[in-house]
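The model shown is predicted, which means the values in this text are computed figures rather than measured ones. The figures that follow rest on heavy atoms only: side chains count, while hydrogens, waters and symmetry mates do not. Residue numbering restarts at 1 for every chain, and letters A, B, ... go by the order of the sequence lines.
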Amino acid sequence: MDDVLIVITLLLVAASATAAVAVRDPVRQALVLSLLGLTLAALFTVLQAPDVALSQLAVGTALTPLLLTLAVRKVHRRPHTRDDGRGGETTGSTESAGAIESAAAKERGE
Amino acid sequence: MNGWLAAAAALLACGVGPTLWGVATGPVRRRVVAQNTATLLVCLATLLLAQGYDRSSYVDVALVLAVLGPAGTLVYARLLAEDLKAAPPTGRAGTWAAVALTPLVVVPLCVAAGPGRAALKLLAIGALLVAGNMVAARALRGAGRTDCEGAGPAEAARG
Amino acid sequence: MSRRLRMWVLALGLAGLAALLGAACFELPDFGGDQHPYGDRAVRAALSHHTANVVSSVNFDLRALDTLGEESILFGAVLGTVVLLRQTRDERHVEPAPARVSPPVRRYALYALPVTLVVGLYVVAHGQLSPGGGFQGGVVAATALHLLYIAVDYRALRRIRPVGRYEVADAAGEAAFVVLGAAAMLGGSAFLANSLLPYGEFNTLASGGTVPLLNAAIGMEVASAVVVLLARFLDQAVEIEESPKPPSTPTSRE
């Protein structure tokens with residue numbers, strides 16, 4: 001009877017892992033990856049391995065999405081800073097208006 | 001297989017299954033809301049599993065998920081603010097249904113655990129879940145609006 | 001060695017591995033069976049050392065050397081990240097602008113931070129009793145600090161995060177594990193043997209001999225490692241920008 005739970009969680013893991021591969025955009029992939037982590041944690045709990053489930057949750061819930069989205073943000077921003085060629089003189093004084101403006105643009109994720 | 005495990009199986013199949021569809025397809029605004037809901041549903045399922053297997057220590061898994069799950073959603077609210085600003089999530093029905101489910105799961109678990117530290121821990125997890133989930137859903141909805149509302153919140157953040 | 005010969009050696013190795021793995025798979029006990037020779041021995045060893053969580057006993061007592069290896073992998077990975085993601089000469093450092101977060105979200109983060117931190121420490125401290133341990137708790141505690149970035153402001157996080165100290169704590173956690181192992185050797189037994197401390201009363205916080213100490217060392221190492229790792233990623237994503245033209249004097253960050 002407990003096999004029902006194992007089958008359900010295994011199917012969920014298989015479905016979310018397949019979706020994580022099928023989705024191509026890295027940010028959306030990170031979202032599917034979050035769900036894969038959750039289903040894996042449920043599977044580990046069902047298989048009586050709560051230590052592994054805790055490891056999976058600790059890493060997969062907030063840390064992996066944060067690392068992934070930060071990396072995506074850095075990669076996406078690179079062409080912009082090259083193209084507009086703005087703020088070349090702001091190296092010394094970061095307080096200047098240009099630096100703050102470009103930093104604000106950065107914080108908004110442009 | 002007892003009733004708790006059956007409830008957990010139903011929650012995983014009928015709750016997490018649809019959220020998987022929501023996360024894997026559609027616009028980003030729907031995906032983030034589905035991810036937020038899935039966090040809450042898996043946390044409730046873990047609580048039911050802990051009771052079903054009669055292992056009180058498994059509750060720690062739900063505790064960790066209850067504090068980290070909203071943090072994960074807030075990561076998306078923060079770093080996808082651009083996308084969410086362009087098209088903020090609209091429907092709240094799913095979030096409210098999931099939040100309403102929490103007492104339905106936590107209260108019977110508390111009754112089964114009897115008065116004591118275990119019941120208090122369950123109630124704390126339930127409160128963390130509801131608060132975290134609602135704040136995270138609000139952050140997703142409000143990710144775009146703060147620019148109009150923003151009354152210098154950064155200054156307050158320093159205090 | 002020519003390319004052809006190397007391929008032959010590789011094929012030989014792979015064939016041997018496949019044969020051995022295949023033979024081993026046929027000898028495996030059935031899924032869900034009641035024969036667990038290793039499990040029975042591990043449980044007996046854990047109980048004899050008064051460690052309630054058998055997984056912790058395996059990780060920090062029976063197989064502590066493996067855990068040292070895993071910890072060193074994380075240490076090395078973070079070291080590599082620190083080297084790779086440093087500020088190079090053609091990059092410049094910009095001050096991040098204040099983030100705009102709606103007040104309820106910020107308030108939630110400020111209340112959730114101590115709660116998450118306490119949950120992390122709880123998971124570390126109860127590693128020998130209930131599921132969890134240094135790794136899980138360390139990651140939770142490190143995530144707690146980053147609530148300041150994701151729901152408050154990057155500058156608020158920077159204020160409570162002197163990266164240099166976390167780098168020292170990372171190394172200290174790694175070193176503490178080795179020192180505890182060496183101390184067992186000085187006490188006349190094997191490296192990382194659980195022979196230093198009394199085993200204590202079963203199912204209490206002070207049980208399990210050196211298991212709680214090793215757990216704490218791992219917790220410190222992992223929490224600091226995650227903070228340093230994320231600090232490098234955040235620097236790259238928020239503060240460091242490629243210069244349109246290389247500046248003559250790169251700005252220092254500290």
- Item | Student check: side-chain heavy atoms of B/V16 and A/I8 closer than 4.5 Å |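 B/V16 does not reach A/I8 side chain to side chain.
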
- Using a 4.5 Å cut-off on heavy atoms from C-beta on, say whether the side chain of B/L65 contacts that of A/T61.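 A/T61 reaches B/L65 side chain to side chain.
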
- Query: Measuring from A/D51:CG to B/D60:CG, what's the distance to the nearest 0.5 Å?
  - Reply: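 Answer for the CG-CG pair, A/D51 versus B/D60, is 10.0 Å.
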
- Item | Pairwise distance CZ(A/R73) to CZ(B/R78) - rounded to 0.5 angstrom |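 That separation rounds to 6.5 Å.
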
- Heavy-atom distance under 4.5 Å to chain A: side chain of B/V23, backbone, both or neither?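 Both parts, heavy atoms under 4.5 Å.
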
- Task: Among A/V72, A/L68, A/T69, find the residue that satisfies the side-chain contact (heavy atoms from CB on, under 4.5 Å) test when tested with B/L79.
- Result: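 The side-chain contact (heavy atoms from CB on, under 4.5 Å) with B/L79 is passed solely by A/T69 among A/V72, A/L68, A/T69.
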
- Query: Of the listed residues (A/A58, A/A19, A/P65), which shares the most heavy-atom pairs with chain B below a 4.5 Å separation?
  - Reply: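 Option with the greatest count: A/P65.
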
- Options A/L70, A/L63, A/V46, A/V7, ranked by heavy-atom pairs under 4.5 Å with chain B, top entry: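 Among A/L70, A/L63, A/V46, A/V7, the one with the most close pairs to chain B is A/V46.
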
On a heavy-atom basis, which atom in [X] and which in [Y] lie closest, and how many Å separate them?
{"X": "B/V61", "Y": "A/A53", "value": "CG1-CB, 4.4 Å"}
{"X": "A/A62", "Y": "B/V75", "value": "O-CG2, 4.1 Å"}
{"X": "B/Y53", "Y": "A/T45", "value": "CE1-O, 4.0 Å"}

- Name, in order of residue number, those residues of residues 32-49 of chain B that have a heavy atom at a distance of less than 4.5 Å from a heavy atom in chain A; otherwise write 'none'.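 The stretch touches chain A at B/V32, B/Q35, B/A38, B/T39, B/V42, B/T46, B/L49.
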
Check residues 9-16 of chain A and write down every donor-acceptor pair under 3.5 Å in which the side-chain atom is one partner and the other belongs to a residue at least two apart or another chain.
{"residue": "A/T9", "atom": "OG1", "partner": "A/L5", "partner atom": "O", "Å": "2.8"}
{"residue": "A/T9", "atom": "OG1", "partner": "A/I6", "partner atom": "O", "Å": "3.0"}
{"residue": "A/S16", "atom": "OG", "partner": "A/L12", "partner atom": "O", "Å": "2.8"}
{"residue": "A/S16", "atom": "OG", "partner": "A/V13", "partner atom": "O", "Å": "3.2"}
{"residue": "A/S16", "atom": "OG", "partner": "A/T39", "partner atom": "OG1", "Å": "3.3"}

- Query: Would you say B/R55 has more than 12 foreign heavy atoms packed within less than 6.0 Å of its CZ?
  - Reply: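 No, not enclosed.
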
- Message: Taking side-chain hydrogen bond (donor to acceptor under 3.5 Å, both in side chains) as the definition, give me every residue that meets it alongside B/S57, ordered by chain and number, with sequence neighbours left out.
- Response: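 In terms of side-chain hydrogen bond (donor to acceptor under 3.5 Å, both in side chains), with neighbours along the sequence ignored, B/S57 is linked to no residue.
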
Please list every donor-acceptor pair under 3.5 Å in which a side-chain atom of residues 23-37 of chain A meets a protein atom from a residue at least two apart or in another chain.
{"residue": "A/R24", "atom": "NH1", "partner": "A/V21", "partner atom": "O", "Å": "3.2"}
{"residue": "A/Q29", "atom": "NE2", "partner": "A/A20", "partner atom": "O", "Å": "3.0"}
{"residue": "A/Q29", "atom": "NE2", "partner": "A/V23", "partner atom": "O", "Å": "3.0"}
{"residue": "A/S34", "atom": "OG", "partner": "A/A30", "partner atom": "O", "Å": "3.2"}
{"residue": "A/S34", "atom": "OG", "partner": "B/Y76", "partner atom": "OH", "Å": "2.7"}

